[in-house]
Amino acid sequence: MLIKTNEADTGITEQQQQLAQLIEHFTPSDGIHPTAIPSLALIRASEISQPIYSVHQPALCIVAQGSKLVILGRESYTYDLSQYLVASVNLPISGQVVKATTEYPYLCIRLDFDSGQIFDLIQDTPSAQPKPDHSTRRGLFVSSTKPSLLEAVIRLVRLLDTPEDIPVLAPMFIREILYRIIQDEHGHSIKQFAIQDSHAQHIAEVIEVIQSDYAKPLRIEQLAAMINMSSSSLHHHFKAITAMSPLQFQKQIRLHEARRMLLAGSTDAADAAFQVGYESPSQFSREYARMYGLPPKSDIKRLRHTLDIKY
């Protein structure tokens, strides 16, 4: 299939067309397609989607065709074939494909990474080492896609045609890709989590605790003491990174998990509420409806109907 090129797609390059064609080649159907490269997934969607709520792990996402809207807290980020998105830490978001058709589907790559890879890269690359900076930046950003980054991504995806080369070449290409994004103007948003004893690294620890203990009452004083930070400082840096307070973050994690339980059919709304830490089922239903637009029973019915139609 020819990749769509018209006046609305200003800035499209031959590289972007190559990447789109590669993704189409390896994605015969809609959905998220894992690959022989463990950290790489290819994504295809032939229609505009409903918002999908999830906890976005650290990853680079590059769109080759179409566009997507991501919402973090009260902030929205739209990116298309001229931009890429990076989540530097686990964040509860909603994502929605906003430009896609059967003829010109949404095509995207997602490359997962972790702070250890960034730390090793910083240690081995003097030019990538961060300057002293105690500020914290948002853990999610959108930036312009540069030709050098696209070149490295295309080489990585092409390895899927020669799987015998993956063990040797994929780590090299991934390292180059990560180098390109930490050298970007927003690179500090990634590097901050790999700096030993940085505020961002401490907030990442708090995020991990909230995620693992989401059903327990939130004790800000205990979390602050754990990272040797005052409660007010914890709030400040946590919101700088996540665009929400620790309590709002926990609420989103709880509601995501409850929705997953309800969709699996393993429990009812009242039970799910208690399992994720709510003491009041009515409060749970109110907050659930505020987040997903419908009360639990109606939302799950709508969601199952959507999935039945799609699959």
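Just so it is clear, the model here is predicted, and its values are computed rather than measured.
Relative ring orientation between F238 and F249 is described as perpendicular, the plane-to-plane angle rising above 60° on a 0-90° scale split at 30° and 60°.
Across every non-hydrogen atom of L91 and G139, the tightest pair is CD1-O, 3.6 Å. Nearest heavy atoms, I23 versus T27: O-OG1, 2.6 Å. The two residues P105 and Q65 have their closest heavy-atom pair at O-NE2, 2.9 Å. Nearest heavy-atom pair across S143 and E185 is OG-OE2, 4.0 Å. Between M244 and G73, the shortest heavy-atom distance links the atoms CE-N, 3.7 Å.
Judged by distance alone, the side chain of Q250 and the main-chain N or O of L247 form no donor-acceptor pair under 3.5 Å. In this structure a side-chain-to-backbone donor-acceptor pair under 3.5 Å is missing from E47 to T101. Q16 contributes a side-chain N or O that, together with a main-chain N or O of L81, makes up a donor-acceptor pair within less than 3.5 Å. With hydrogens and angles disregarded, no donor-acceptor distance shorter than 3.5 Å links the side chain of S76 to the backbone of I71. Using a distance-only test at 3.5 Å, with no hydrogens or angles considered, no donor-acceptor pair links the side chain of H186 to the main chain of I182. In this structure a side-chain-to-backbone donor-acceptor pair under 3.5 Å is present from T35 to L40. For S94 (side chain) and I52 (main-chain N/O), no donor-acceptor pair under 3.5 Å exists by modelled atom type. Checking side-chain atoms of S285 against main-chain N and O of S282 turns up no donor-acceptor pair under 3.5 Å. Side chain of S298 to backbone of P295: no donor-acceptor contact under 3.5 angstrom is found. Using a distance-only test at 3.5 Å, with no hydrogens or angles considered, a donor-acceptor pair links the side chain of Q248 to the main chain of S245.
Distance CG/L178 to CD/Q117: 5.5 Å, rounded to 0.5 Å. With rounding to the nearest 0.5 Å, the separation of CZ in F274 from CZ in F284 is 10.5 Å. In this structure, CG in D120 is found 9.5 Å from CD1 in I122, a value given to the nearest 0.5 Å. Atom CD1 of I207 and atom CD1 of I241 lie 6.5 Å apart (nearest 0.5 Å). One finds the CE atom of M229 at 5.0 Å from the NE2 atom of H237 (value rounded to the nearest 0.5 Å). Between the CG atom in N90 and the OG1 atom in T242 there is a gap of 12.0 Å [rounded to 0.5 Å].
For K297 and D299, the salt-bridge test fails: no basic side-chain N is under 4.0 Å from an acidic carboxylate O. Salt-bridge annotation for D184 and K146: present, with a side-chain N of the basic residue lying under 4.0 Å from a carboxylate O of the acidic one.
When side chains are defined from C-beta on, L121 counts as touching R175, because their heavy atoms get closer than 4.5 Å. For the pair I174 and I37, the minimum side-chain heavy-atom distance is below 4.5 Å. Using a 4.5 Å heavy-atom cutoff, the side chains of Y53 and I93 are not in contact. P246 is listed as a side-chain neighbour of I220, based on a closest heavy-atom distance under 4.5 Å. Taking the side chain as every heavy atom from C-beta outward, S46 and E103 never approach each other to under 4.5 Å. Within the 4.5 Å cutoff, side-chain heavy atoms of Y292 are placed close to those of R259. Using a 4.5 Å cut-off on side-chain heavy atoms (C-beta onward), I195 and H188 make contact. Contact of the Y77 side chain with the Q83 side chain is not registered, since no non-hydrogen atoms from C-beta on lie closer than 4.5 Å.
Hydrophobic clustering keeps Y104 apart from V98 (ILVMFWY residues linked when any side-chain heavy atoms are closer than 4.5 Å, directly or through intermediates). A chain of hydrophobic side-chain contacts below 4.5 Å, direct or via other Ile, Leu, Val, Met, Phe, Trp or Tyr residues, connects Y288 to V55.
For Y79 and Y84, the ring centers sit 6.0 Å or farther from each other.
Shown here is K301, whose NZ atom has no more than 12 heavy atoms of other residues, nucleotides or ligands within 6.0 Å. Other residues, nucleotides and ligands contribute over 12 non-hydrogen atoms within 6.0 Å of the CD atom of Q283. Counting heavy atoms of neighbouring residues, nucleotides and ligands inside a 6.0 Å radius, atom CD of E208 does not exceed 12 of them.
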Test salt bridge (charged side-chain N to carboxylate O under 4.0 Å, His left out) applied to K99 and D80, step by step:
CA-CA 9 Å; K99 184 179 179 183; D80 56 22; over 6 Å; no

After noting the C-alpha distance and the side-chain angles of Y278 and E287, does the key distance pass the side-chain hydrogen bond (donor to acceptor under 3.5 Å, both in side chains) rule?
CA-CA 10 Å; Y278 280 87; E287 293 186 353; 2.4 Å; yes

Applying side-chain hydrogen bond (donor to acceptor under 3.5 Å, both in side chains), run through D197 and H202 and close with a yes or a no.
CA-CA 7 Å; D197 208 34; H202 291 318; 2.9 Å; yes

Given E257 and R260, is the salt bridge (charged side-chain N to carboxylate O under 4.0 Å, His left out) satisfied, shown in steps?
CA-CA 5 Å; E257 183 61 21; R260 185 195 64 77; 2.5 Å; yes

Test S88 against R137 for side chain to side chain contact (heavy atoms under 4.5 Å, CB included), laying out the working first.
CA-CA 10 Å; S88 306; R137 315 278 175 85; over 6 Å; no

Identify every side-chain donor-acceptor pair in residues 147-173 under 3.5 Å, counting partners at least two apart or on other chains, and give the distances.
| unit_1 | atom_1 | unit_2 | atom_2 | d |
| --- | --- | --- | --- | --- |
| E151 | OE2 | Q15 | NE2 | 3.4 |
| R155 | NH2 | E176 | OE1 | 2.2 |
| R155 | NH2 | E176 | OE2 | 3.1 |
| R158 | NH2 | Q18 | OE1 | 3.4 |
| T162 | OG1 | D165 | OD2 | 3.1 |

